[in-house]
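Scroll down for the structure; my scribbles are underneath it.
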Amino acid sequence: MLDVVQIPVLNDNYVYLLGHEGTKTCAVVDPAVAEPVLAAAKERGWRITHILNTHWHGDHTGGNEAIKQATGCTIIGPRAEQAKIPAIDTAVGEGDVVTLPGGDFAHVLDVPGHTAGHIAYHFETQGLLFCGDTLFAMGCGRLFEGTAEQMWVSLHKLAHLPDNTEVYCAHEYTEANGRFALTVDPGNDMLVDRMDEVHRNRAQGFPTVPFLLGVDKATNPFLTAGTVEEFARRRAAKDVFKG
Ligand SMILES: [Zn+2]
């Protein structure tokens with residue numbers, strides 16, 4: 001049983017604690033910073049045993065060293081980016097399984113595109129996906145190191161997971177993503193309804209993450225694109241979109 005705690009940090013990052021009450025332990029996904037993460041674990045009486053990094057960017061790994069220093073935790077990150085992950089202990093990639101002290105485990109998926117070695121962690125039993133900066137609500141990560149083809153394959157790998165998968169991405173980009181999505185697909189009633197709900201939630205300061213994969217498959221313009229060429233055109237248009 002995993003207890004997910006969402007910690008908003010910096011401008012729009014989300015760090016996640018994956019807690020296990022039985023063992024009073026937790027793992028941290030993509031700690032941008034250390035202090036609020038250490039505080040949240042302490043508040044719940046959980047010992048941090050692992051950090052799970054999805055990619056090397058500083059707003060996902062900035063807390064690695066301080067958290068490891070404070071807790072002695074094990075840092076797990078993408079094999080293809082291990083040289084860039086601060087204080088990494090264990091490098092993983094597609095097909096590997098990461099098991100936490102309470103027995104909960106995640107399959108590792110290679111999802112390059114945003115960065116060359118980006119990975120995601122899929123807790124299949126619980127239906128939870130931690131996908132960093134690959135899939136966002138109604139959006140996807142920018143192509144900093146990968147090609148449109150790579151990102152297209154990565155997004156479709158994620159889209160093949162069950163529709164009731166809860167997606168925990170690393171940023172609150174939903175409102176801006178949705179504004180772009182509406183320019184692509186203005187006649188999509190499900191998208192219009194979703195955006196109404198997103199605006200209501202954001203107006204009250206509520207997160208729009210996690211979200212259901214099945215809903216995103218019907219409303220995310222990067223998942224509804226029919227071809228890789230269409231995907232690439234939409235990604236390029238979003239890069240310069242001023243919503
Ligand atoms: Zn990133």
Side-chain angles (χ1 to χ4, degrees), residues 6-18 27-34 36-37 51-67 75-88 91-94 98 106 108-122 128-159 167-178 180 207-211 216 220-223 231-232 234-236 238-241 243:
Q6 183 171 40
I7 308 168
V9 301
L10 306 179
N11 281 337
D12 49 34
N13 278 77
Y14 289 126
V15 179
Y16 300 103
L17 288 187
L18 315 183
V28 183
V29 180
D30 280 352
V33 292
V37 175
I51 288 172
L52 310 181
N53 291 134
T54 62
H55 65 296
W56 66 269
H57 285 162
D59 61 330
H60 298 255
T61 59
N64 275 19
E65 281 168 330
I67 293 171
I75 300 181
I76 297 174
R79 184 169 293 126
E81 298 180 0
Q82 56 183 310
K84 294 177 173 175
I85 305 277
I88 190 170
V92 295
E94 183 86 20
V98 171
V108 177
L109 305 170
D110 284 341
V111 286
H114 176 67
T115 61
H118 199 302
I119 58 173
Y121 298 89
H122 180 222
L128 310 177
L129 175 69
F130 296 87
C131 57
D133 290 356
T134 297
L135 175 65
F136 293 123
M138 297 179 276
C140 73
R142 282 177 186 259
L143 303 175
F144 285 124
E145 297 175 358
T147 63
E149 286 74 15
Q150 282 177 318
M151 186 58 119
W152 169 256
V153 170
S154 295
L155 288 174
H156 281 271
K157 188 187 284 186
L158 299 182
V167 182
Y168 289 82
C169 58
H171 290 276
E172 179 62 59
Y173 288 161
T174 310
E175 219 165 14
N177 285 342
F180 174 74
T208 62
V209 180
F211 56 92
D216 215 52
N220 184 328
F222 301 107
L223 296 181
F231 166 76
R234 289 179 181 183
R235 185 57 264 180
K238 174 66 169 66
D239 285 344
V240 295
F241 178 69

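Order of appearance sets the numbers: ligands from 1, and atoms from 1 within every ligand. What you are looking at is a predicted structure, and each value in this text was computed from that prediction instead of being measured.
Not a single N, O or S atom of H118, from either the backbone or the side chain, sits less than 2.8 Å from the Zn ion (ligand 1). Backbone or side-chain N, O or S atoms of D133 reach the Zn ion (ligand 1) at under 2.8 Å. H57 lies close to the Zn ion (ligand 1), since one of its N, O or S atoms is found at a distance under 2.8 Å.
Nearest N/O/S atom of H55 relative to the Zn ion (ligand 1): this is NE2.
Counting only distance, with no hydrogens or angles, the side chain of D133 and the backbone of G141 share no donor-acceptor pair below 3.5 Å.
Looking at T61 and N53, their side chains never bring a donor and an acceptor atom within 3.5 Å of each other.
Centroid-to-centroid, the aromatic rings of W152 and H156 come within less than 6.0 Å.
Using bins of under 30°, 30° to 60° and over 60° for the plane-to-plane angle, the ring pair Y16/Y168 lands in the perpendicular bin.
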